[in-house]
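Below is the structure I would like to discuss, written out as structure tokens.
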Amino acid sequence: MSYAADSGVCLDRILASTDLSGLSKKDATTFTRRLKEHFPRLFDKYTYVYGHLYDCYFHLQKLVEILRDGLKNRKPALKKLDNERLKNPLWYRDEQQVGMACYVDLMGPTLNDLHDKIPYFKSLGVTYVHLMPLYDAPKGDSDGGYAVSDYRKVNPTLGTVKDLEKLASALQKEGINLVLDFVFNHTSDEHAWAKAALAGEKQFQDYYYLFDDRTIPDQYEHTLREIFPQVRRGSFTFNEQIEKWVWTTFNSFQWDLNYSNPEVFNAITSEMLFLANIGSAALRLDALAFIWKELGTNCENQEKAHVLIQAFNCCLQIVAPAVVFKSEAIVHPDEVLKYIDKDECQLSYNPLLMALLWNSLATRKTRLLTRSMKKSFSISENCTWVNYVRCHDDIGWTFDDAVANELGINAFDHRHFLNQFYTGRFEGSFANGVPFAENPSNGDCRVCGSLASLCGLEGALKSNDSKGIDDAVKRMMLLYGITFSIGGIPLLYSSDEVGKLNDYSYRFDDTKKHDDRWVNRIAVTRADTELALGNTSPANPTETASLRVFNGLRKMIAIRKQNAIFGQSSTQILDADNHHCFAFLRENTQGHKLLVICNFSEHPQTIQRSLLATLKGASSRDLLTDETVEMNASPLLLEPFQQMWLLAD
Ligand code: GLC
Ligand code: GLC
């Protein structure tokens, strides 16, 4: 008879030798109960990845101790939240949810200053604030904070961990969730682990991927994608001090962690629980696609990356079940979907929708958007999309080439067109974007720019073109309107809400000028928020446009929040009978139906009223204008860039 590992026996043994005396009686009970529930899954995942190692069991035991300490350090208010969220696990599918991502320094400039911004968040209706990475990081270039030197220390220029905890609870009191980054693919080369590795400590050298010569790096590089080819070719960096090649997928100062080492999994779990215990409602899993390396593959989206994320998720379920994961997989649409599961990532960015909204704006056509969303929008009912239009990164054209081919679109040429269009090199383009990460070897390129500049506001203001300004504002409303209505949490990128233009000042900063993503990392000043809140009046066309954007978004958000149909409903992507228009139907269990129709062209478009038949009523009301729309009449007319949110009567 062969020996079959049994998670029950294993847990009994681990518990028998785990000291729980430091926990309160209540915590000890909770801990054992949750372990009993989730350990079988954790055991499966952990042994799947590490079972072949002679010391796997030792590390598993250590992991349980880390979880115990995590629960011990969890504050009573957060434990209360755990219980509430366990009773209402789908809170993130609620129509009330609206997110905003912002940089502390560009809005604060410190954590303490952000307390004053709470009324601003509330006036827009924001219920979740993602603070961009705020941890201790190298001075100068730190990839916008994504090179973390210490997960337990806030960057001193922004404040302290105490300040962060204070802010988290102030936000929580106002019904705003805090979202933090979990940057776990890499650390900075100044992290204590990296420093120990640099000092020659073998234990910590095993935390990273270090190679004595180019033999193995060369083998890997055959199949790796280059992420930042504009600053450095390849995925490895030679370190003079230890005379070794270090795996650095992103920048040379961002060292990839070695997850084939269970000690790394355990150590990072401990850091993750620290972040959960600060009071974050969700952790954004940065660059999660890259955490597992497999020779002969592109080392993205590997099966064991999924297994590890599921294992991290088990750990959270045991210690901090109020916290959910948000996947940041900016990869092929089929791969994006694989991270979305209630036992893996409950939330996920929707990079495909984002990229294709921009595509439709450029082409004025919706067939790629419609076909792709039909294929890829539907996800588990236990999970939700985070829909966004812009973020702090570039726009990558991550659509599925096969879907494009079906429509007769040559994917390579089309990406080239989009890059030309959004960098303003295509004649007649309205956009002012900047090329990013151009790869001389394969012609790849991505695009950066602010919402307003990419939508044409920058050019229109410059040439004093009032129709151009009008169109630009309408484009912004159109794109955001879809994220508010299609299903999922809409995520605003701060500075979009006041239509800020590209900020080119990074070109004069030696620590930033090589990274064009800075063009869209823009301060929201006190003058901006005062204007938005109506405390000052617009003094020039730029401010007038800014106020229009803010008020327009605010109005749509308010409508979203007043109608349950924007919450837990299903979404069906429809074929609009006009190739400039995009349409979808939403339906909930209370029988409410909403039909959204959007015109991506700067000309009026008509739609056959038969599309309204999907609403199954004689009439409907456009929530955006409050007008009644009858079923039986001549074709429906949509103004340039108009969208209709038709609720069945
Ligand atoms: C994520 C971040 C990006 C960063 C990268 C490396 O993609 O959004 O800004 O450069 O990860 O951490
Ligand atoms: C690549 C990566 C993504 C990262 C981005 C940063 O697209 O896939 O994770 O955010 O580069 O520019």
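Every number for a ligand or one of its atoms is a count from 1 in the order of the listing.
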- Aromatic rings F184 and F182: how do their planes relate, parallel, tilted or perpendicular, breaks at 30° and 60°? parallel

- Note on the structure: The atoms of ligand 1 lying under 4.0 Å from a heavy atom of E328, numbered in the order shown, are 1 (C), 7 (O), 8 (O)

- Task: Measure up the F436 and F228 rings against each other and bin them: parallel (under 30°), tilted (30 to 60°), perpendicular (over 60°).
- Result: perpendicular

- The option among D393, L285, D143 carrying the non-hydrogen atom nearest to atom 8 (O) of ligand 1 is D393

- Query: Can you name the nearest heavy-atom pair linking D496 to L553, along with the distance?
  - Reply: O-CD1, 4.4 Å

- Query: Under a heavy-atom criterion of less than 4.0 Å, does R284 contact ligand 1?
  - Reply: yes

- Atoms of ligand 1, numbered as shown, that sit under 4.0 Å from any heavy atom of H186: 6 (C), 12 (O)

- Enumerated ligand 1 atoms positioned under 4.0 Å from heavy atoms of R517: 3 (C), 4 (C), 9 (O), 10 (O)

- Which ligand 1 atoms does F228 reach within 4.0 Å, using its non-hydrogen atoms? 10 (O)

- Item | Short N-O contact, R446 and D516, less than 4.0 angstrom | no

- Note on the structure: For D286, the ligand 1 atoms with a heavy-atom partner under 4.0 Å come out as 1 (C), 2 (C), 6 (C), 7 (O), 8 (O), 11 (O), 12 (O)

- Query: Using 30° and 60° as the class limits, which term best fits the ring planes of Y209 and F211: parallel, tilted or perpendicular?
  - Reply: parallel

- Scanning both residues in full, the closest heavy-atom pair of K512 with Y506 reads O-CD1, 3.7 Å

